[in-house]
Amino acid sequence: MPRAQPIKAARGVRDILPATIPLWRQAEQGAADVARRFGYQEIATPIIEQLELIQRVGEDTDAVAKELYRLDKRGSQELALRPEATAGVVRAYFEGGLNQGPQPSRLYLIGPMFRHDKPQKGRYRQFFQFNVEVIGGASSGFDAEVIELALGWLNEVGVQDLRLELNSIGDGKCRPAYLGRLTEYYRPLKSSLHADSQLRLERNPLRLLDSKVAQDQPFKAGAPKITDYLCDECAAHWAAVRRLLDAAGIEYQHNPYLVRGLDYYTRTVFEFYPGGASGQQDALASGGRYDGLAEAEGWPSTPGVGFAGGLDRVVELIAAKGDQAAVKPAADVLVLPDGDFAVEAAEVARICRSVRSTAVDYEPKSLAAKMRSANKLGVKFVVLLTPEDAARRSARVRDMASGEQTELEWVELPTRLA
RNA sequence: GUGGCUAUAGCUCAGCAGGCAGAGCACCAGAUUGUGGAUCUGGGUGUCGCGGGUUCAAAUCCCGCUAGCCACCCCA
């Protein structure tokens, strides 16, 4: 009989094992702490949404067009796993009546997102994001605030060496004219562009700017920059955001090629990268303003700005720095019955648990073997039970650090172990 | 989605001009006189990722598949 293949994890997803849980806690706690410090409230939305919501807000993105996890249709609704959080948060903002409360709503969310991408380091099919959204606020102050919050989070969790890239992509008033100029510039060069970029020229010229294909690079420098074509309102907003960042002492680089491919994105866009790295899948956080999103979802036009931070990548950075917290033992106390009396051992453990975390070694191994594993577990105390001890409701407590061993009554255990 | 590299014990890996499956660590048992750490002794715990092919003979050569890593694309 051939043995069956063991069933492994699905492709591109991974387990977070006990040893790395502290790192995740650190990243999540840091996120929650900083968000609360800025006056943001936590929100949790479902990881499934109606397909239409997701498609409305991302039709032209790879995340939706190619990488979406669509669920089998059950009943009348078509559903999909969320590839990002903002669409759902904006939906919840209206459905939950947050639009009726004081404006803006400052919200944060921590949770898993799903994209059917090709797995690689720092890129997983289920990955975790820290999302921050300000909904119902149009002022430039909010743009600067979420940038400061993102930076605060990264610093809080120990990521110091960062590069912040910033740009403005205008709005529905000024962007069309700019796109016209951009297309005019690229049209004569079309045959020299990469095939994908030729397609972009027709469908989404803005994306020509963030093409990373080597073939397209020479033409970027001569391309018109959108920040030179902003309308008065967008120009004022752009200047205000930069002024606020300067005043906050936050350094940034203006990257005129930083864009978002979707129409509902407006004005501010930004991305945080780790300082030294030059890789491609290493954006730690990215965000921007999305004044057209609510409307795209069919709700009243409402401004918003926010960012998404990558927990997986931040955790990897923390881990790489190597300042790993000592792995805490699972239990402080281990009860070792020297013989077959699980009932008494369990009762002793119950008593010990009133003061310390306690586990029991029920396996029929030699006492030496049990002591070995007690040592490996790193427990502080071992409570030894011989058959005679069990009969007279006494036990021997051994302090593993000093090797000191004392015999006492079960009722005295809490005092001795406390 | 495209290309390259990789897959042998629990872990890290060696073995590859085809000829009995190995090391270190880990693990298990024992000794050190009743119960751990240090030391010593003994133990291999394996469908060589999966499926086919070539061959007297395949971990080793060929093909396919799957998974991981790296780069591209893209993104957190």
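A, B, ... follow the sequence lines: proteins, then strands. Residue 1 opens every chain. For clarity, every value in this text was computed on a predicted model and none was experimentally measured.
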Could you check whether A:Phe128 gets within reach of a base, just the sugar-phosphate, or nothing at all, counting any heavy atom under 4.0 Å?
nothing

Which sits closer to the 5' end of RNA chain B, A:Ala10 or A:Ala308, going by the nucleotide each is nearest to?
A:Ala10

Mind checking what makes side chain to side chain donor-acceptor pair (under 3.5 Å) contact with A:Arg106, not counting sequence neighbours?
A:Glu145

For A:Arg207, report the nucleic acid contact type (base, sugar-phosphate, nothing); a contact means any heavy atom under 4.0 Å.
sugar-phosphate

If the condition is side chain to side chain donor-acceptor pair (under 3.5 Å), which residues does A:Ser168 pass it with, not counting sequence neighbours?
none

Rounded C1' spacing from B:U12 to B:C27 in Å:
15 Å

Suppose the criterion is ring pair (Phe, Tyr, Trp, His ring centres under 6.0 Å): which pairs have a residue in residues 184-222 of chain A, not counting sequence neighbours?
none

Taking side chain to side chain donor-acceptor pair (under 3.5 Å) as the definition, give me every residue that meets it alongside A:Arg242, ordered by chain and number, with sequence neighbours left out.
none

Counting only heavy atoms not in A:Gln41, do more than 12 fall under 6.0 Å of its CD?
no

Figure out the CZ/C1' separation between A:Arg125 and B:C69, and round it to whole Å.
15 Å

Whole-angstrom distance between B:G4 and B:C28, as gauged at atom C1'
42 Å

Separation of the P atoms in B:C5 and B:C74, to the nearest angstrom:
24 Å

Round to the nearest Å and state the distance from A:Leu162 atom CG to B:A76 atom P.
17 Å

If you take atom types as modelled and just measure distance, does the side chain of A:Arg123 reach the base of B:C74 with a donor-acceptor pair under 3.5 Å?
yes

Sugar-phosphate or base contact per nucleotide [nucleotides 5-13 of chain B; S, B, -; heavy atom under 4.0 Å]
---------

A:Leu408, CG atom: more than 12 neighbouring heavy atoms under 6.0 Å
yes

Answer yes or no as to whether B:A76 has its base stacked against A:Phe127, where stacking requires a ring-centre separation under 5.5 angstrom and planes under 30 degrees apart.
yes

Given the C1' atoms of B:G1 and B:A59, what is the spacing between them in whole Å?
33 Å

Between B:A9 and B:A23, how far is it from one C1' atom to the other, in whole Å?
11 Å

Could you name each residue pair satisfying ring pair (Phe, Tyr, Trp, His ring centres under 6.0 Å) that touches residues 43-71 of chain A, not counting sequence neighbours?
A:Tyr69-A:His116

From the candidates B:U2, B:C74, B:G68, the one with an atom nearest any side-chain atom of A:Pro119 is B:G68

Roughly how many Å is it from NZ in A:Lys121 to P in B:A67, rounded to a whole number?
19 Å

Using a 4.0 Å heavy-atom cut-off to protein, can you give one letter per nucleotide of nucleotides 27-39 of chain B, 5' to 3': B if the base is in contact, S if only the sugar-phosphate is, - if neither?
SSSS----BBB--

Base, sugar-phosphate, or nothing for A:Gly12, non-hydrogen atoms under 4.0 angstrom?
sugar-phosphate

Between B:U32 and B:U41, how far apart are the two P atoms, rounded to whole Å?
16 Å

Counting only heavy atoms not in A:Arg203, do more than 12 sit closer than 6.0 Å to its CZ atom?
no

If the cut-off is 4.0 Å, is A:Gln120 near the phosphate of B:A71, judged by side-chain N/O to OP1 or OP2?
yes

Should we count CD of A:Glu404 as having more than 12 external heavy atoms under 6.0 Å?
no

Measure NE2/A:His116 against P/B:G1 and give the value in whole Å, please.
6 Å

Separation of atom CZ in A:Arg11 from atom P in B:G1, rounded to whole Å:
8 Å

Would you mind listing every side-chain hydrogen bond (donor to acceptor under 3.5 Å, both in side chains) that reaches into residues 349-367 of chain A, with sequence neighbours excluded?
A:Asp332-A:Arg356

Is there any ring pair (Phe, Tyr, Trp, His ring centres under 6.0 Å) pair reaching into residues 8-64 of chain A, and which pairs are they, with sequence neighbours excluded?
A:Trp24-A:Phe128

For the C1' atoms, the ones on B:A76 and on B:U6, what distance do you get once it is rounded to whole angstrom?
27 Å

Within the structure shown, what part of the strands sits under 4.0 Å from A:Arg82 by heavy-atom distance: base, sugar-phosphate, or nothing?
nothing

Heavy-atom closest pair, residues A:Asp389 and A:Leu384:
OD2-O, 3.8 Å

Rounded to the nearest Å, what distance is computed from the CG atom of residue A:Leu258 to the C1' atom of nucleotide B:A76?
14 Å

Value in whole Å for how far the C1' atom of B:G3 lies from NZ of A:Lys118:
8 Å

Which nucleotides of RNA chain B pair, in dot-bracket form (Watson-Crick or G-U under 3.5 Å, | meaning another strand):
(((((((..((((.....[..))))((((((.......))))).)...(((((..]....))))))))))))....

Run the side-chain donor-acceptor check on residues 30-37 of chain A: report pairs under 3.5 Å with partners two or more places apart or on a different chain.
residue: A:Arg36; atom: NH1; partner: A:Tyr108; partner atom: OH; Å: 3.2
residue: A:Arg37; atom: NH2; partner: A:Glu156; partner atom: OE1; Å: 3.2
residue: A:Arg37; atom: NH2; partner: A:Glu156; partner atom: OE2; Å: 3.4

How close or far is atom C1' of B:C72 from atom NE2 of A:His194, stated in whole angstroms?
9 Å

When the P atoms of B:C70 and B:C65 are considered, how many whole Å apart are they?
23 Å

By side chain to side chain donor-acceptor pair (under 3.5 Å), which residues pair with A:Arg181, not counting sequence neighbours?
none

